[in-house]
There are 2 protein chains.
Amino acid sequence: MELTTAEENYLKAIYHLSEEGKKSVSTNDIATAIQTKPASVSDMLRKLGEKEVIQYRKYYGLQITELGKRLALQTIRKHRLWEVFLVDKLHFAWDEVHEVAEQLEHIQSPLLIERLDAYLNYPKFDPHGDPIPDEYGDVRSRPRIALNEMNIDQGGQIVAVKDSSAAFLRYLDKVGAYIGARIKVLDKVEFDGSVEILVDQKKTLFMSKDVASNILVLQS
Amino acid sequence: MELTTAEENYLKAIYHLSEEGKKSVSTNDIATAIQTKPASVSDMLRKLGEKEVIQYRKYYGLQITELGKRLALQTIRKHRLWEVFLVDKLHFAWDEVHEVAEQLEHIQSPLLIERLDAYLNYPKFDPHGDPIPDEYGDVRSRPRIALNEMNIDQGGQIVAVKDSSAAFLRYLDKVGAYIGARIKVLDKVEFDGSVEILVDQKKTLFMSKDVASNILVLQS
DNA sequence: ATTTATTTTTAGATATATCTAATTTTATTT
DNA sequence: AAATAAAATTAGATATATCTAAAAATAAAT
């Protein structure tokens, strides 16, 4: 089963929206996610339905099929592996990789991905801390918690960010709260939800609730 | 000027056929080279003519323009750099690379190609022995200069070291002056020949003359 | 339960890239 | 030079992917 680049992009968006715990994925949601118009989405949903990567009934909504999930995860796997390559090998910054990976993820060559995976040493997480599915679509996801929801004296490791906008990533980089940093919660201010944390056992950092709620931590 | 993937493929074929010393490139030749029908070629030639990458007069034939040559060479450069990557880094056999490189050559990202070039150590030939054009389409290599001989405000990219002892490489790695890093000379101290440089537009670095004179820079 | 608003879909256009079949132009032969 | 062959182009279709504007279906509000 072969998908076009456009179809892959739609399916990936549908997968992500489905995973976000929403009861159903709307045509409008997809249009927003993919920066297109609802009319185009309707058309594409019909096609994806015919290809049986989603179950689609007009006006009723859609559900991604097992086949669809498998294909979406393959694309996500490729995207994240390329991100690792760009950051680890080509010294791209976190916030520079997305656009390029969006293109690279559509390259068709199972051998290429197999070799790339090996070359990168079978990474389990991308530079944003998101898990990389294996070739069968399995993910080893660990339980993660938002930084602002941790208790005082609890420790852990920053593994991902919710908001991966360039501005936010630049900010994190600047204050030294990189993916992989070991942190510990020193204090929480009830009033505004801000937190004080210790980074790598040396630097203390104050963070607003807004910032902290966008940082995901693997508790230890 | 932006070309579509199809246009890039046609232009590349036209460039190759033109280089083969033939007096003129025929519609049929192109159709054969690109595995398509003459009717499709006629259509595309009109479009390429409008975009001024070729000079085209119906029934008379075509000639690739300077602009066309430049764009074709850029695509060829990308194709051959990816081939080097696939063979040198991912251990593809030389006869397995073509198909994948045909896809990779269309990825749009000047930064990616710049970094890839650096990562591969500025190869001059691909695995088939064909020369890799530089970013201007030239096959000749540009002059490199020792870092301590650059002028203030001049920028460039670290491309090699004279002294490649382990100790020196460790030092470079530690301060973040890796091969491929984009640098700019911020200041020079007359007294001892030391320099201050900006690395990747964020980190400033001081270097003694001894260190700087062992670093070779490709000026931009 | 009607009316109103929102969401979704369809109808009809546009743009790219391709094809087959028909036509036109150029080249070759007699 | 007229007839024939070859090459190149146009006309008209098809397929993908998108859009705007209109219509249809569902959801929300009075």
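Quick caveat, the model's predicted, so the values are computed rather than measured. Chain letters run A, B, ... following the sequence lines, proteins first, then strands; residues in each count from 1.
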Enumerate all atom pairs, one protein N or O and one N or O from nucleotides 8-12 of chain C, separated by less than 3.5 Å.
residue, atom, partner, partner atom, Å
C/dT8, OP2, A/N28, N, 3.0
C/dT8, OP2, A/N28, ND2, 3.2
C/dT9, OP1, A/Y56, OH, 2.4
C/dT9, OP1, A/Y59, N, 3.0
C/dT9, OP2, A/T27, OG1, 3.0
C/dT9, OP2, A/S42, OG, 2.7
C/dT9, OP2, A/Y56, OH, 3.3
C/dT9, O5', A/S42, OG, 3.4
C/dT9, O4', A/Y59, OH, 3.3
C/dT10, OP1, A/K58, NZ, 2.6

Who passes salt bridge (charged side-chain N to carboxylate O under 4.0 Å, His left out) against A/E50, sequence neighbours left out? A/R46

Using side chain to side chain donor-acceptor pair (under 3.5 Å) as the criterion, point out the one residue from A/D117, A/D134, A/D126 that pairs with A/R77. A/D117

Atom-pair distance (CG on B/L48; C1' on D/dA8), nearest Å: 16 Å

Any donor-acceptor N or O pair under 3.5 Å, side chains A/H79, A/E83: yes

Qualifying residues under salt bridge (charged side-chain N to carboxylate O under 4.0 Å, His left out), relative to A/E114, sequence neighbours excluded: none

Suppose we define a pair by two distances each less than 3.5 Å, Watson-Crick or G-U wobble; what does C/dT30 pair with here? D/dA1

Interatomic distance, A/H106 NE2 vs D/dA17 P [rounded to whole Å]: 11 Å

Which residues pass the side-chain contact (heavy atoms from CB on, under 4.5 Å) test with B/H91, not counting sequence neighbours? A/R115

Length of the CD1-C1' vector between B/I34 and C/dT18, whole Å: 12 Å

Between B/T36 and C/dA17, is there a contact of a side-chain N or O with OP1 or OP2 at under 4.0 Å? no

Using the ring of B/F85 (Phe, Tyr or Trp, six-membered ring only), decide whether A/K89 places NZ or CZ under 6.0 Å from its centre and within 45 degrees of its axis. no

Under a plain distance cut-off of 3.5 Å, with no hydrogens placed, do B/Q154 and B/Q219 share a side-chain donor-acceptor pair? yes

Between the protein and nucleotides 14-16 of chain C, which nitrogen or oxygen pairs come in under 3.5 angstrom?
none

A/K69 meets the salt bridge (charged side-chain N to carboxylate O under 4.0 Å, His left out) criterion, sequence neighbours left out, with A/E66

Interatomic distance where CD belongs to A/Q35 and P belongs to D/dA17 [whole Å]: 18 Å

